[in-house]
Amino acid sequence: MILQAQGLVKHYGDHVALRGLDLAVDSGEVFCLLGANGAGKTTTIQLFLGFIEPTQGSAKIKGLEVRNHALETKKALAYIPENVMLYPNLTGIENLEYFATLAGCEETGEAKLRETLIRAGLPTDAIERPVGNYSKGMRQKVGIAMAIARQAELLLLDEPTSGLDPKASNEFSQLVASLRGEGVAVLMATHDLFRSREVGTRIGIMKRGVLVKEFNASDVSHNELEQIYLEQMTE
Amino acid sequence: MIKHVARKEVREIVRDGRMRLLGVIVIILALAALAFGAQQAIRAQEARDNAMERAEKQWEGQGERNPHSAAHYGTHVFAPTSVVTAIDPGVSPYLGRSVEIKAHKRSLASHSEAQDSGGSKRLGSFSVASVFLLLIPLLIIALGYGLWSRERERGTLRQVLSTGVKQSDLFWGKTLALFFVVFILLIPAALIIVGVLWGLGGGDGDTLVRLGLLALGYGVYFGIFAGLTLFASAIARTSRGALVAMVGIWGLFCLVTPRAATEVSGVLEPLPSQAELGRQVAQSLKTGLDGETDKDVFVEAKVADTLEAEGISEDALEFFADDAEAQRIKTYKDGLILKFTAEWENVIFDHYIKELDDQVAAQESVMNWVSFLSPYVAMRTLSAAFSGTDVAHHRHFTGYAETWRQGFVDSLNEAFAEKAGAQGWSYRAGPELWKNAPAFEYQPPRPTYGFDVHLLSALALLGWLLLAFVLARRAAGRVKAV
């Protein structure tokens, strides 16, 4: 297993964000976490990033406990949030070079970086432009390029297509599917039922910090997924 | 890794236009201050050379005169000027650079710029040191306040920390970038300063050592503000918060603490007013330090003892009333009176000046301790010390001038006592005596004298640097993505 959560509990003072979450994601799997705001999706991702520590339970990446191996576990993953934040005065390629270097890919040449950005779908003429002028979709593509450049084994996506137009959202999903095909494990928190059915291999529905439903994406149609989701939300 | 982080930070600073703007401001201010300082230094050097030449001419060209009258006539001695004063004039605009030398009077230094410039000097002088002490820290704050906080605000910190980079690498990269940018901004100004000082004749070893010490001191001082800025940036929730906090700290260090410390040292170690000091000295000159000894009685007793020890009878003066020998003895006695009067006066002057010096030194000591509350106070003290323009250097000069004055007056009194003979007070010495008067050969303290006098300030500065970087490093290690 690339990613594994066992009995994960997270308290913020009196508020309980996660109540004993168990989940596992293996290579070539895209696990989509669905749920309303405050269900615990982002908390789950932040626990795997080591940004916060669990109150109880364990979060493991490649068998290593995240809280004890914060730096090693991060080397295996790439993180794409709802808004990929970049340095506005640096160009796309400079941003990519910087983040790739931080992740330990110091030897990546400029040609390779350029190729990566093109593969991620960034227009060629945008590569040398400061990212201050980029659209959100272009910034998300730079985020994907970071994951490709780092050769990440695990992608943590936190509502990555939120706010993207359908075309950009579709391109993004195709890139994720392509990475899945290369054996990358993906944990994606999202509100987008359609995209989760399209790109996901498994789907989990979270409610008040609990994974209330988990199934294979291929076992349900779009309509069935919507029905299951709404049922869980109204129960 | 550190190099990559530093390169990114430098790129950002360069591209957002801050560096260009601040670079222009630094160059303009440093050059204006240097031009002003150099002009002051040149003017002071010329004034000193002219005054020295005039004093020498007046002294040697005074014609024939009784030696003691010549001691009354007196002369002036001048503190050597260094081109480094163009960087930090220290207390010299306020305390003067020359001392009047004459019998019966110990003069304080005079001809200060402040005396010659109405009240405007009281507002403080504009110098390279004031730019370095006050404005460069602001420049460091402007360049560094967002190094952590802006990353947090715009969300790049999450992205960065998700890469698994060590926070220590980020910290050293940001530190290196800040130092590099400040260094690049200051290099042109520093080169111009060295060039101008060289042009003013400052190529000697002492000047180079002083410049080296100043560079070292200011490097540490800027490092302190860099460390504190990184610390504030790491702990503040927002960039605005970091900026406000650092400007507040700057104000506390550079404006409030020095003023408060000056007031406190004045209260703890009050100095007498000039009028009060003058009144006390005048009183003691009449009745001694114990307030009970009459000066004339003291001098007469000393003269009588000396004459008796030399086997000269006072009665002989009566007996040889019209004789040349009697006149010679009388002249000799007058010479002794002058000698012991000067001795009496010297004891009084030395006592009061020592008391005054001790009080000033106590005030300085308070300020040295205040260095532990404000790196500005520490660096201001060291800057003047390394430039040779602090109170300690001034005291070193005036102390030598007084020792020389006593020897100078003694030599003239002795010349009168020994050479006047029967001519008595109508004896006139000539240019030969004036030329052979002891030369004023003052050697300023070595450049590292500042460390001897202000070791506490130097230690405080290093302590501040250590504290600033310990705080900044610890805060960097605790920076959280959420």
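Reminder, nothing fancy here: chain letters follow the sequence lines and each chain counts from 1. Small disclaimer: the values here were computed from a predicted structure and weren't measured.
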Inset, instruction - Please indicate whether A:Q6 has more than 12 foreign heavy atoms, meaning atoms of other residues, nucleotides or ligands, lying under 6.0 Å from its CD. - result: yes
Legend entry - Distance, nearest 0.5 Å, that separates NZ of B:K8 from CG of A:N95: 9.0 Å
Inset, instruction - Count the heavy-atom pairs under 4.5 Å between each of A:M146, A:Q46, A:E94, A:E72 and chain B, then report the option with the highest count. - result: A:E94
Inset, instruction - Determine the option with the most heavy-atom pairs under 4.5 angstrom with chain A, choosing from B:D16, B:V14, B:V5. - result: B:V5
Legend entry - NZ/A:K62: more than 12 non-hydrogen atoms of other groups inside 6.0 Å: no
Legend entry - Residue, of A:L102, A:N89, A:L156, that accumulates the most heavy atom pairs under 4.5 Å with chain B: A:L102
Legend entry - Atom CZ of B:F180 with >12 non-hydrogen neighbours under 6.0 angstrom: no
Inset, instruction - Would you check if B:R158 and A:M85 make a side-chain contact, meaning some heavy-atom pair closer than 4.5 Å? - result: no
Legend entry - Inter-chain contacts: residues 160-172 of chain B against chain A, heavy atoms under 4.5 Å: B:V160, B:L161, B:S162, B:T163, B:G164, B:V165, B:K166, B:L170
Legend entry - Contact class of A:L49 relative to chain B, heavy atoms under 4.5 angstrom: side chain
Inset, instruction - Heavy-atom distances under 4.5 Å only: say whether A:F51 touches chain B with side chain, backbone, both or neither. - result: both
Inset, instruction - Decide yes or no for A:E97 and B:R7: does some side-chain heavy atom of the first lie under 4.5 Å from some side-chain heavy atom of the second? - result: yes
Inset, instruction - Please say whether more than 12 non-hydrogen atoms of neighbouring residues, nucleotides or ligands are located less than 6.0 Å from CD in A:E110. - result: no
Inset, instruction - From the options B:R154, B:E151, B:Q159, B:R15, select the one residue that forms a side-chain hydrogen bond (donor to acceptor under 3.5 Å, both in side chains) with A:Y87. - result: B:E151
Inset, instruction - Considering non-hydrogen atoms only, spot the tightest contact between A:T101 and B:M1 and give its length. - result: O-CE, 3.0 Å
Inset, instruction - Considering only heavy atoms and a distance below 4.5 Å, find which of A:A70, A:A103, A:P130 pairs most often with chain B. - result: A:A103
